[in-house]
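Have a look at the structure below before the remarks.
In the text below, chain A, chain B and the rest are named by the order of the sequence lines, each starting its count at 1. Bear in mind that the values here come from a model prediction, so they are computed numbers and not experimental data.
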Number of protein chains: 2
Amino acid sequence: MKSDLTQRQQEVLSFIIRHQQTNGAPPSQREVALEFGFRSTTAVADHLRALRRKGYLDHRPHQARSLRVLSRTDSTELSPTRPMIVDIPVFGCIPAGFADERRQDASEGCISVDVETLGVKPTARTFALEVRGDSMIGRHIMEGDYAVLEHGMDPRPGDVVAALIDNESTLKTFVKQGGKPCLKAENPKYPNLIPAQELVIQGVMVALIRKYR
Amino acid sequence: MKSDLTQRQQEVLSFIIRHQQTNGAPPSQREVALEFGFRSTTAVADHLRALRRKGYLDHRPHQARSLRVLSRTDSTELSPTRPMIVDIPVFGCIPAGFADERRQDASEGCISVDVETLGVKPTARTFALEVRGDSMIGRHIMEGDYAVLEHGMDPRPGDVVAALIDNESTLKTFVKQGGKPCLKAENPKYPNLIPAQELVIQGVMVALIRKYR
DNA sequence: TTTCATACTGTTTTTTTGAACAGTATGAAA
DNA sequence: TTTCATACTGTTCAAAAAAACAGTATGAAA
């Protein structure tokens with residue numbers, strides 16, 4: 001991995017990433033020099049230039065501590081790691097008029113996840129829902145779990161979706177029965193199979209987070 | 001929430017957090033001034049001083065872009081948000097000689113989670129394990145899930161733990177049977193009840209992350 | 001052998017940035 | 001009424017930091 005970088009360049013890049021994670025901000029050139037014992041910041045500038053040329057770094061000229069580590073999504077394309085961490089609002093239950101008032105007053109707090117952790121990049125339409133009841137126990141989704149959902153996504157058969165039933169959101173499995181989209185509960189205690197056209201699908205489940213202890 | 005802050009102070013704090021998340025580094029005083037249309041950086045400095053005094057911010061004097069947002073753990077104590085995001089190494093399976101060589105070459109990648117998301121603060125002893133098999137299906141832990149574990153934690157009865165059996169780690173439930181610690185599988189297909197003294201407990205499960213799609 | 005990227009030292013210049021100083025205006029509490 | 005925190009303007013100053021020279025040394029490729 002990262003075979004196109006020299007030993008030294010990799011060390012510098014690692015330090016920058018490490019510094020960012022432990023200090024909340026990228027290091028200055030002098031701090032890098034100090035770390036490696038360079039007596040001149042020019043050495044650092046050289047390495048940064050190489051890292052920039054090779055596509056691992058970005059920075060804004062003449063701006064203090066403006067280093068940004070880029071991550072490779074595939075071999076060619078590069079994208080900044082900027083929104084590394086996204087705050088996903090957690091709702092106890094989703095109110096009826098949802099689409100407009102996303103974000104803001106996520107009274108239950110936020111889950112912060114980085115883009116890498118979830119396969120899907122969280123967008124402004126991503127939200128989390130604390131699971132209530134055991135309607136999805138058949139899919140091993142328990143009460144108290146946090147369901148991470150994406151609003152406005154096209155559900156595919158088998159996907160878990162959040163639907164608004166009786167002004168409360170419930171998780172169901174999205175299926176197709178004879179060509180018609182339906183919602184299936186994963187617990188015999190709950191009514192099965194509800195035609196999906198008649199209700200609002202609020203989001204498709206993309207991840208689950210469960211806390212122990 | 002945050003009723004001890006004025007409207008303006010809250011706005012400034014929000015901008016700093018937002019800037020940090022979208023740009024990877026906190027803003028300079030001038031950037032804050034620009035955002036709010038202040039014609040003097042003194043206004044910003046005033047707000048920062050107030051936020052610092054009230055315990056919401058920290059910074060290193062005379063250092064560019066050194067603002068750090070603090071989070072309240074309880075009403076009195078303050079702790080820096082520095083290691084907001086911690087990289088938890090993911091192992092496919094944990095090798096026998098574990099304790100020493102934590103971190104490094106987490107070949108399967110990393111899960112980044114913030115301190116708030118998991119109730120437990122991730123330490124250097126926190127690691128993740130991709131769940132193989134269905135030995136814990138009774139606790140609704142599925143194949144492919146990521147179990148987040150804490151090494152060196154004292155297991156309590158009922159906790160899910162990772163144990164090294166036949167040089168491979170397996171998840172089990174930690175129980176006490178007649179005063180003796182035992183490990184219980186949560187699937188009838190697997191051998192039940194193994195005395196816990198005879199094997200290495202590698203970690204106690206603190207969270208679970210599951211990805212869909 | 002020449003060229004070229006890497007990996008540095010040492011010095012100087014220019015920007016950026018935080019901080020200090022001197023004020024003004026407002027509204028709430030004492 | 002005085003005091004005090006908030007919320008600013010406008011200016012100046014000094015430290016921090018990036019950038020720009022001008023070099024040296026090394027090893028690999030052409």
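If you take CD of B:Q29 and P of D:dA15, they are 17 Å apart, rounded to a whole angstrom. Rounded to whole angstrom, the span from the CZ atom of A:R49 across to the P atom of D:dC21 amounts to 12 Å. Rounded to an integer number of Å, the gap from A:L67 CG to D:dA16 C1' is 15 Å. Taking atom CD of residue A:Q63 and atom P of nucleotide D:dA19, one finds them 10 Å apart after rounding to whole Å.
Partners of B:R8 according to the side-chain hydrogen bond (donor to acceptor under 3.5 Å, both in side chains) rule, which considers only residues two or more places apart in sequence or in another chain, are B:E11.
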Pairing string, 5' to 3', for DNA chain C - Watson-Crick or wobble contacts under 3.5 Å, brackets [ ] where pairs cross, | to another strand: ||||||||||||||||||||||||||||||
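Side-chain contact between A:I16 and A:V69: present, with at least one pair of heavy atoms (C-beta onward) separated by less than 4.5 Å. No side-chain heavy atom of A:K172 sits less than 4.5 Å from a side-chain heavy atom of A:V160. Residues A:D134 and A:E143 form no side-chain contact, since every pair of their non-hydrogen atoms from C-beta on lies 4.5 Å or further apart.
Note on B:S66: nothing from the nucleic acid sits closer than 4.0 angstrom, heavy atoms only. Among the atoms of the strands shown, base atoms are found under 4.0 Å from some heavy atom of A:S40. Across all strands shown, B:A45 has no heavy atoms under 4.0 Å from either base or sugar-phosphate atoms.
A nucleotide of DNA chain C counts as in contact with chain A when one of its atoms lies under 4.0 Å from a heavy atom; the first and last such, 5' to 3', are C:dA5 to C:dT17.
Taking every side-chain heavy atom of B:H62 into account, D:dA15 is the closest of D:dG10, D:dA19, D:dA15.
Between A:R30 and A:R39, the residue whose closest nucleotide on DNA chain C is further toward the 5' end is A:R39.
The aromatic rings of A:H140 and B:H140 sit tilted relative to each other, their planes meeting at an angle between 30° and 60°.
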